[in-house]
Structure formats: C-alpha cells, structure tokens
2 protein chains.
Amino acid sequence: MATLADVARRAGVSPATASRIINGSPKPVTDALRERVLAAVEELQYVPNAHAQQLARNHRSAVGVIVHDVSDPYFAEITRGLQRVATEHGRLVIICNTYRDPDKELEYVELLRANQAAAIILAGSGYHDEQFTHTLDAKLRVYQSTGGHVAVIGRHEHTGHAVIPANEAGGHLVGAELYGLGHTRIGVVAGPRHLTTTTDRIAGLRRAAREHGQKLTPRQIVYADFDRSGGASATATLLDTQPGLTAIAAMNDSMAIGALSLLRSRGIDVPGQISVIGFDDMPIARDVTPALTTIRLPLADMGARAMTLALQPPEPLNTPQIEHVAAELVRRESSAAPAGDR
Amino acid sequence: MATLADVARRAGVSPATASRIINGSPKPVTDALRERVLAAVEELQYVPNAHAQQLARNHRSAVGVIVHDVSDPYFAEITRGLQRVATEHGRLVIICNTYRDPDKELEYVELLRANQAAAIILAGSGYHDEQFTHTLDAKLRVYQSTGGHVAVIGRHEHTGHAVIPANEAGGHLVGAELYGLGHTRIGVVAGPRHLTTTTDRIAGLRRAAREHGQKLTPRQIVYADFDRSGGASATATLLDTQPGLTAIAAMNDSMAIGALSLLRSRGIDVPGQISVIGFDDMPIARDVTPALTTIRLPLADMGARAMTLALQPPEPLNTPQIEHVAAELVRRESSAAPAGDR
DNA sequence: CGTACTCGGGAAAGCGCTTACCGACGTACG
DNA sequence: CGTACGTCGGTAAGCGCTTTCCCGAGTACG
C-alpha cells in the first residue's frame, strides 16, 4: 500500500508538500511541484489512508445510522432519505442493523463512537424497557458530551433531536375511519408489545374507540412480529377467537399484507367480509389486491429531516429540536362499510 | 473524549498495560491492575478510538459492500445475507449505495480502499460499458494487490471471487414456461439495456424462443427502469404497440408488479387475458394478486456466499472462486395457458 | 548465597497523516 | 546596497493506539 511518504519521495518533495497538494490546502504551491506530485499519485495509485487522516485531522466525518433492519421496507425508505441528505453533505453513512436486538443498539452506539461518527441517528421504535432506555440514554449523553450529534426517528424518550411520526394520531385515524364506517367488531393485528410504536398506535385507536362509545378489549388485540408472517398468524388467531369480526387494523403494512394473504387463503373477501387497514403506506401497499387502505407516513422525508437535524452546525441554541410529522389516511380498496350496513 | 492515556493515568499504570488489559492481550497482567484499569474505563466511559487502533494494528477489519440501492428488495435481501455472515465473523459492514451511478461505484471502491476495508463486495448487475468495466477492474486489481479481497455478485467480468446467478438459464425457464404453455405473442418488460443482468436474462429467453421455433423481435422488448414504475410504463408501451399480446415476461419482480398494476388499471385480467412472469422471487411476489409466477433466486443466500468467499483466508490457491447459483421456476397464479388454448 | 530464569510492567518506536512553525530565497523598498 | 517582507517548502511534533524490547524483581536451583 503506497503511503504519502512514497508519493513525496517519488515526486522529490516533502510529505508536507505532497499532503498540501493532495488535499488542496490553502497554502500556495508551485505548479511544477503540483504536477509532479499528482503524477506520482497516479503512478502509485495512491489513496490516502482514511484512518490516518481522521486521526491527524481529528474531526469527525462519517455519520452512523442504527436501524432495526434495512431490508424492511419501512427502514429502507427512511434510509433512502437519510442517505440522500448525507450524500449532499459529502458524508459517509455507516448503516447498522440491530435486527431488533436492543443490546446491539447499545453496542452500535459504542462502535459508532469509537469510529468518531459525527452523528448517530437512531431510527425505529423505542422499547418499553426502563432499564434499557436509561442505559441507552446514558450512552447517548456521553457521546453528545464529546461533541457528537444525535437524532432519533420515531422515539421520544431520548436526548438529541427527534423526528416523531404521529403514531397516536395515525392510530386515531384508523379508528375514526373504521368506527366511522360502522364497524364495531374490530381486531387489531399489532406488533410486539414492547415497542412504543405499537402501543402509541394502539393508544390512538383506543381514543377513537372511546369517541365512538366503543371499547377495545385485550382479546381483540393480538401481538406478533412486525412482519408479514406475524400479520398472518395474528390474523389467524383473531379469526379463531373473535367470531363476527368485520375489520382488521394492522399496525403496519407488512402485517396488513400478511393479514390479506391469510384472509385470501381462508377464502374471506376483503373488504366484502372483512376490511383491512394498514399503517405506514409502504410502496407495496398499492400493489396488493385489494390495494391497501393505510396511514401514510412520509418515511423518506422523515429520514431526510433527521439527517438534516443531525448535520446542523453545533446547536445554535443548544436545544434539541423536535419535529413532528403528520400521518394521513389513504383510502384504497381494502376498507368498506361492514356488510350488514349495506 | 477520554483517551487511553487518560485511563492509564487514572489507573496509575502505563498506557501499555492499559491497552493490554482492554484488548485482552496474551500478555499476563495482575488482577489488581486489571481491576483498576477496568474501573477507570468505566468511570471515564472510555471507548478506544477505532481509527487509532486500525492505524496502529495495521490490519483491516471492516468490509465494504457496494450495491445499487439497499431499499430495493433485491439488494435488501442480498444485504441481509451478507450482513449475517459478516456479523458472525465480527466484521463491520459499510454499505454504499450507488443509486445506479457507475461513477459512484468507482468512487466507493476508492473510499473503501482508503478505509482499509478487508474486502469489497460488489453486488448487482454489471454495465455494458467497456471503458467503465475496464477502469473498475483496474481499480479492483490495485486494491487486490494491496491485500484486499474482492467478491462480486451477479457479474462476471471482474477479477476476484464471484457468485453468479443463472440469469441466462432463468430467462430460459421463463421462455420455456411461456412457450410451453402455448404463448406465442410475448412481450418483454426489460430493465435498462446497459445492464448485463437484463441482457443475460433476455438471452435465455431468446434461446427458449428458438427452441420453440419462435423469435423475439426488437419491438417485443421494451427497456425501462428496473422498478415498479418502469414496469408499468414498459407494459403500457407493449400494450399499445403489440396487439394480441398474451404474455408478459418481466425481467424482475418489481417490474412485474408494475406490469400487474398497469394491467389491472386497464381492466385486463391476469392470467385470463395476459399472463405475467417475474424474476427474482422477492418476498412480495407471493402477496400481490394474482400471486406472481416468477424465477426464484436465493438472494440472501447469494449474499451470504459472497461474504463467505470474501472473508476466506488469503486464497489457498490464489485463484478466484466462482459459484454459480441456480434459478428455479415458481409457478403461482399469474401465468396460464393463453385464452385461445383453453 | 550467587546465578539463571521467569514473569509482570514500562519506555518508546512507530502506524500514515496533518499542520504549526521555521528558514531560505527573492523581491521591493528606503 | 542593506533591510524588511512575502513566498514557498521543509522539519518535526503530534493524533491515539499497539507492540517490541528491555528491565527489575521474584523464584528456583546448585
């Protein structure tokens, strides 16, 4: 591996000069030398050692993103937004997948700190776990105290900037739509109960229920994994335990799609017999049949905003900023009034 | 930011000792000292500077992955497999999205080299561009010559290990199925023509056509972006220019889904009036309606294999290994014999 | 009790780069 | 023609860590 010293030697200059030319330092350098150095770089296929540079310069450049799983469309969309902004700022993004293991989240914060990340962005639901939340928060604070920036997406318990989707309000939209259509026997296909996203969305749903003089009993809610197969199994449980169900509210689109596929396999018509509403409005939502009625969250935009916050110059007022993002109901074909009403 | 020296000072030992304790070096250290150092680490919330470590140790640890776009399910799946293996080996993965810009691919190779990546994995189709391929290859060789490992997925023109999906054979499977069912008027919804994946798959399709005494004219093939909207627009073009079409072969599932949605919007029954076959078997394929007949590629597994190859101990025989992976037809509901045949 | 080891710990030399700081030269000026 | 600058390069001191080498103090042995 060619080093700067090699280049300098080859060009017959000092490492200092070579460095200045290669990095375009403000210090003026004669054209003759410049050309010689550049030629040497080319011949030696020299690429500066990023670690050495980082060490010598001592200023952070990369930013870290911690998500549950990039291959989940929810995070994929967020990541897309994040990356776009990061790239505009010339930042390298390090993506860390926790695969929903809170401990990994902790580990990755350390790793990112070790790598001198300029900012850490935590995307995805928080956990209902006092102990964990506290530990994470402590780690994040330490990181911040050494000049690191922090932004979180979809959680509020933490220090640092935050982009917060209207999960509760979105849940309320789902409820308002369903109860408004006349459904009373609603099943909820929920994600893991230890995720705040799940509970926030359900809280909104509950509020809507109350407003319509209804109530959500524990048995109407089935918790499962936040993915397609979790949606399918939760739906199966619901079908078996809640006869007369006319609507299913899935707490994200992946689960809704799982629900759709299970209903289809049981020969149940959607929305004829049962309505289904999802959450997030992932791109696929419009491609399933029936096209999924869902709550739209501007995921890519949320990612972009979080990155923007994180990359902001050292806080003007030193106060973490919180951006709320609205949820919006997108009516498609999977929801309708219950059969009896028609 | 606390440094090792701070920790050492606080524990009243030399940096050397602190380092040895923290990294669990083979050198034995008294328990008393060990505890003091560990306590200091805890109090100072010390995290070693990864760049300094990397510089001092001088051995690569991270691995870089260059993909077109992680938020594309095709790459998301591959990435999932890659990550799994990398994590098992305790490697940090740096994911780089080119967003299909070949120049970025070049840039990222440099960046990864600068970051002392132990290996670079290039996923996704290659480009039909002599010049570019040559430049990339040269850069890769330089990287290899300094001890870097290279593995590519889905392209063959390069140096280094390769995991190659049976694109041609898969295309042939599509053709065999469609022509076998009796279709003769087939439209091809293809990805960008400068991608080798596109042309390889079409080549297989052509071979099947010949075997059935058929032929694919240029007008039967429409090239568009490798995504949902590309699929929709290509399908629209096909419908407008190829009356009497009975089947559409999409060159990936995203495009197939776009095709499906366009057909639905035009009120065309699938597979009643037109059959649709996709390629890749992404998870969503089974959730659209009608469920998509497609060619299965074990994407996550391909990623895992590439990572395994890349992480192999310095080539035993120094020869790049090539692993071919088979494609398989998955019959679902979107394909059937043409109407006239029934 | 002296010698030969062993064992735990520290001193210091880098890893590859950046960046004050300094010095040599050339120019402009008094 | 001597002094004062301004220019352009080089020298060297780190950045935070690892690791080799060495040294002092035990221990075991003759």
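Bear in mind that the values here come from a model prediction, so they are computed numbers and not experimental data. Numbers restart at 1 for each chain; the letters A, B, ... are given by sequence-line order, proteins then strands.
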If we ignore hydrogens and angles and just use 3.5 Å, is the side chain of B/D6 paired with the main-chain N or O of B/T3 as donor and acceptor?
yes
Taking only residues two or more places apart in sequence, or in another chain, which ones meet B/H194 in a ring pair (Phe, Tyr, Trp, His ring centres under 6.0 Å)?
B/Y127
Starting the side chain at C-beta, find the nucleotide from C/dA11, C/dG16, C/dG9 nearest to B/T17.
C/dG9
Between the side chains of B/R141 and B/D137, is the shortest nitrogen-to-carboxylate-oxygen separation below 4.0 Å, so that they form an ion pair?
yes
With the threshold set at 4.0 Å, does a side-chain nitrogen-carboxylate oxygen contact exist between A/R100 and A/D225?
no
Atom-pair distance (CG on A/L55; P on D/dC17), nearest Å
9 Å
Separation of C/dT18 atom C1' from A/H51 atom NE2, nearest Å, is 17 Å
In plain terms, say whether A/R10 and A/E42 are close enough for a salt bridge, that is, a side-chain N and a carboxylate O under 4.0 Å apart.
no
Between A/D129 and A/T133, does any side-chain donor sit less than 3.5 Å from a side-chain acceptor?
no
Residues in residues 19-49 of chain B with a heavy atom under 4.0 Å of DNA chain C, by number, are B/R20, B/K27, B/P28, B/V29, B/T30, B/L33
All N/O donor-acceptor pairs, side-chain side in residues 300-308 of chain B, below 3.5 Å, sequence neighbours left out:
from, atom 1, to, atom 2, distance (Å)
B/R305, NE, B/E323, OE1, 2.6
B/R305, NH2, B/E323, OE1, 2.9
B/T308, OG1, B/A304, O, 2.7

Rounding to an integer number of Å, can you tell me how far A/Q53 CD sits from D/dG14 C1'?
16 Å
Without hydrogens or angle criteria, can the side chains of B/R84 and A/N97 be said to hold a donor-acceptor pair below 3.5 Å?
no
Return the residues of residues 2-15 of chain B meeting this criterion: a heavy atom under 4.0 Å from some atom of DNA chain C. Order them by number, or give none.
B/V13, B/S14
Ignoring backbone atoms, establish whether B/Q54 has a side-chain N or O less than 4.0 Å from OP1 or OP2 of C/dC15.
no
Using whole Å, report how far NE2 of A/H59 lies from C1' of C/dT18.
11 Å
Is the distance between the ring centroids of A/H68 and A/Y99 under 6.0 Å?
no
Please give the angle, rounded to 10 degrees, between the axes at the start and the end of the helix from C/dC1-D/dG30 to C/dG30-D/dC1, where five pairs define each axis.
60°
Is the NE2 atom of A/H324 crowded by more than 12 outside heavy atoms at less than 6.0 Å?
yes
Can you tell me how far P of D/dG16 sits from CZ of A/R57, to the nearest Å?
16 Å
B/N58 CG to D/dC17 P, in whole Å, measures 17 Å
With sequence neighbours left out, what residues match B/D101 under salt bridge (Lys or Arg N to Asp or Glu O under 4.0 Å)?
none
